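Single-structure report; data block below.
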Amino acid sequence: MAANINMEKIVSLCKRRGFVFPSSEIYGGLGSCWDYGPMGVELKRNVRDAWWKAIVQERDDVVGIDSSIMMHPDVWKASGHIDSFTDPLVECKRCHSRFRLDEIAGSTRKLLHSLDKPISWFSSSGDQLFVQGLTIDAPSSAITLKQAELTSSGRLNQSLSKEILLEAVKPASKKYPLFVGSQLYPGGKGYVVGFKVVEGRLGASIKLVFDDIHGIFEPVEIVVDFANMQVTQTVPKHYCPSCGGELTEPRMFNLMFKTFMGPVEEEASTVYLRPETAQGMFVNFENVVTTTRKKLPLGIAQIGKSFRNEITPGNFIFRTREFEHMELEYFVKPGTDEAWFDYWVKERFEWYIKLGMKKENLRLCQHGKDELAHYAKDCYDIEYLFPMGWSELEGIANRSDYDLTQHAKHSGKDLSYFDGESGERYIPYVIEPSAGVDRTVLALLIDAYSEEEVEGEKRAVLHLQPSLAPMKVAVLPLSRNEKLAPLSKEVYKQLCPNFMTCYDDSQSIGRRYRRQDEIGTPFCVTIDFESLEDNQATIRDRDSLAQIRVPVEELERTLRAKLNGEPFEKTPLWATRQK
RNA sequence: GCGGGAGUAACUCAGUGGUAGAGUUCCUGCCUUCCAAGCAGGGUGUCGCGGGUUCGAAUCCCGUCUCCCGCUCCA
């Protein structure tokens, strides 16, 4: 992404040129919902088509389906979405940050996973206070003291209550680990923490809360009781990872949209809007296998809307509650899954480059074991450098045999596959590349957008690959002079059955070129007065501004060749003709 | 939900109590006009909504709605 591109520019362009509008705008808009306009719908359709072509059309091992958005409620029980899409959330009472409870507690590791022995020793000399004996199992080089507060009367300096960064550095000596100020040192096996006490005396006790700055480790609370010369350690229930504050009781949130099937709400059964299209492929696995007579490896692909009641959507069309998925479930023999996983990671990454995205704006990112979804054995993200930072375009997951096994269990149907070649029967593994259409559209817009100088004037242009451009050709009479209209209209009529073509005769020719640049139209066909005599028209190339002149009857063939990537000659014709 | 920001023309925004503005865009006309040309015209607004204060409110007060950003999440 170029440095001068921000989201506002893209949002503004989308609004002005008819790519994306806020949903229900005359009513003030609806949060996180967006409508695609005349240009946007073409671009989006082209993205879908490109995916479908690469995944279904050009492969003999993948077929498509289109399953319904509402599915049997038991599907979501089997898939695990009822459980894992229902996240208990807690909120910090102090800074009001919100977290998933399992992120803070369940999946985190203990910062002080063990104490060799209860902390039983401390000394105080001069103006320093030392606590010794903490054994910290922390690979990270820095942890933070999140909180230090007096818990009984005393005169420890208040400055201890502000956040202090504790850095692990080498001890000066193994025998006598040193401590200075508020730094934490690894002392052989354990750690020693020392605090500078400005005003302290026996009779006070102090509570310390330690936390890893990366938020990976569970916070630990240590109370040093000076009166009784005791140090006690407790693992507090939960503290806010960002400020160390107290958290509220967890509340349940279900990320799935719920609705009712049947006209009377009370009597109707609850159904969910699908949060992914994948389950449609799993529940139809057997249907597809038997009707297509395909053998494994076999992929089932689908493009369609999904719905997630995200706590916080945002970043334009990047995260919305209603969005469009392009998902492939690729069923393979267990044991071959890892090779196929690698294959699809590579294949999918290449796809974005083939769409014309700049390679430096794309990267692969492997999920850590901790971040894996409930069904995943391994997962890679394809990320794009959006204005707000690297964010995910697509996830490629090895879902193992999780889904088919779950559905077999819940439905009572045998979903194993009989491999005629080896004579074995097994539950296939699944590799799932799952991409977001809207995100891809956004990334393409950002990637294609550029501001350039032409003859000292600025122009905004979308360098979209021709296959993606909403309009392929614009027919532009040089002026609105009535003599030019008949031939121009004739050319338009000739081209529009073949390409998405628009016609524009308002205002100056230069202005119209700029308009087309801004929506990414690759070619403009200009009819001038000479055309009336020689029956030739000019084709102007969006990227190079070069022009060529071809007979009207050759336009369709030439445009088709250029749209398919035939190179354009470089001399700007108008420049040589004018002077 | 919490915090911050913002709602005025299609877009970007100015306008701190006195006739609602600018630039861009858009439209029409003229011009044998090739990269946002020129000239001449033109259009646009419940100033987010509802109350209140005031002779008078885009402006001050109260309420309310919505959007954007962050937290969160992940395609």
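Model, not experiment: these values are computed from the prediction. Each chain gets a letter, A, B and so on, in the order its sequence line appears, and its residues count up from 1.
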>> So, under a plain 3.5 Å distance rule, would you say the side chain of R540(A) forms a donor-acceptor pair with the base of C34(B)?
In response: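 Under the 3.5 Å cut-off, the side chain and the base do not form any donor-acceptor pair.
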
>> Both T526(A) and S12(A) contact RNA chain B. Taking the nearest nucleotide for each, which residue is further toward the 5' end?
In response: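 Nearest nucleotide further toward 5': that of S12(A).
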
Rounded [atom1] spacing from [N] to [M] in Å:
N: U54(B); M: C68(B); atom1: C1'; value: 34 Å
N: G45(B); M: G3(B); atom1: C1'; value: 33 Å
N: C62(B); M: U53(B); atom1: C1'; value: 11 Å
N: A20(B); M: G5(B); atom1: P; value: 30 Å
N: G29(B); M: A9(B); atom1: C1'; value: 23 Å
N: A57(B); M: G51(B); atom1: P; value: 13 Å
N: G4(B); M: G21(B); atom1: C1'; value: 30 Å
N: U16(B); M: U59(B); atom1: C1'; value: 6 Å

Taking a pair as Watson-Crick or G-U wobble with both distances under 3.5 Å, which nucleotide is matched to [N]?
N: G38(B); value: C30(B)
N: G1(B); value: C71(B)
N: U24(B); value: A10(B)

>> List the residues meeting ring-ring contact (aromatic ring centres under 6.0 Å, His included) with Y352(A), not counting sequence neighbours, and say none if there are none.
In response: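 Per chain and number, Y352(A) pairs via ring-ring contact (aromatic ring centres under 6.0 Å, His included) with no residue.
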
Identify whether any heavy atom of [X] sits under 4.0 Å from a base atom; if not, whether one sits that close to sugar-phosphate; answer base, sugar-phosphate or nothing.
X: S531(A); result: nothing
X: L393(A); result: sugar-phosphate
X: T440(A); result: nothing
X: F316(A); result: sugar-phosphate

>> Below the 4.0 Å mark, does A37(B) have OP1 or OP2 next to a side-chain nitrogen or oxygen of S508(A)?
In response: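 For A37(B), OP1 or OP2 has a side-chain N or O of S508(A) closer than 4.0 Å.
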
Does a side chain donor of either [X] or [Y] reach within less than 3.5 Å of an acceptor in the other side chain?
X: H325(A); Y: Q302(A); result: no
X: S450(A); Y: E452(A); result: yes
X: D378(A); Y: Q366(A); result: yes
X: Q547(A); Y: T538(A); result: no

Out of [options], whichever nucleotide has its closest atom nearest the side chain of [X]:
X: K483(A); options: C35(B), C26(B), U32(B); answer: U32(B)
X: E392(A); options: C73(B), C74(B), U32(B); answer: C74(B)
X: R439(A); options: C74(B), U28(B), C34(B); answer: C74(B)
X: Q507(A); options: C27(B), A75(B), U32(B); answer: C27(B)
X: R480(A); options: A36(B), C34(B), U28(B); answer: U28(B)
X: E518(A); options: C34(B), C74(B), A36(B); answer: A36(B)

Do [X]'s NZ or CZ and the ring of [Y] fall within the cation-pi criteria of under 6.0 Å and 45°?
X: R48(A); Y: W51(A); result: no
X: K44(A); Y: Y36(A); result: yes
X: R274(A); Y: F307(A); result: no

Could you give the [atom1]-to-[atom2] distance, from [X] to [N], as a whole number of Å?
X: E329(A); N: A75(B); atom1: CD; atom2: P; value: 12 Å
X: R319(A); N: C68(B); atom1: CZ; atom2: C1'; value: 15 Å
X: M256(A); N: C74(B); atom1: CE; atom2: P; value: 14 Å
X: L487(A); N: U32(B); atom1: CG; atom2: C1'; value: 15 Å
X: R399(A); N: A75(B); atom1: CZ; atom2: C1'; value: 12 Å
X: F523(A); N: C35(B); atom1: CZ; atom2: P; value: 19 Å
X: D528(A); N: C35(B); atom1: CG; atom2: C1'; value: 14 Å
X: R17(A); N: C11(B); atom1: CZ; atom2: C1'; value: 10 Å

>> For W34(A) and F21(A), I'd like to know if the aromatic rings sit close, meaning centre-to-centre distance below 6.0 Å.
In response: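 Centroid distance W34(A)-F21(A): not below 6.0 Å, so no.
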
Set out, line by line, the N/O atom pairs under 3.5 Å between protein and nucleotides 38-44 of chain B.
none

>> Distance check, rounded to the nearest 0.5 Å: S531(A) atom OG versus Q536(A) atom CD?
In response: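 Taking OG in S531(A) and CD in Q536(A), the distance rounds to 8.0 Å.
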
> Is the aromatic ring of Y513(A) within stacking range of A36(B), meaning centres under 5.5 angstrom and planes under 30 degrees?
Replying inline: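 So no, this residue does not stack on that base, at least one cut-off failing.
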
Show the distances under 3.5 angstrom between N or O atoms of the protein and N or O atoms of nucleotides 6-10 of chain B.
{"from": "A10(B)", "atom 1": "O3'", "to": "K15(A)", "atom 2": "NZ", "distance (Å)": "3.4"}

> Salt bridge or not for D541(A) and K562(A), using N-O below 4.0 Å?
Replying inline: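 Answer for the salt bridge query: no.
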
>> One thing to verify: whether E518(A) and R459(A) come together as a salt bridge, which I'm taking to mean a side-chain N less than 4.0 angstrom from a carboxylate O.
In response: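 No.
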
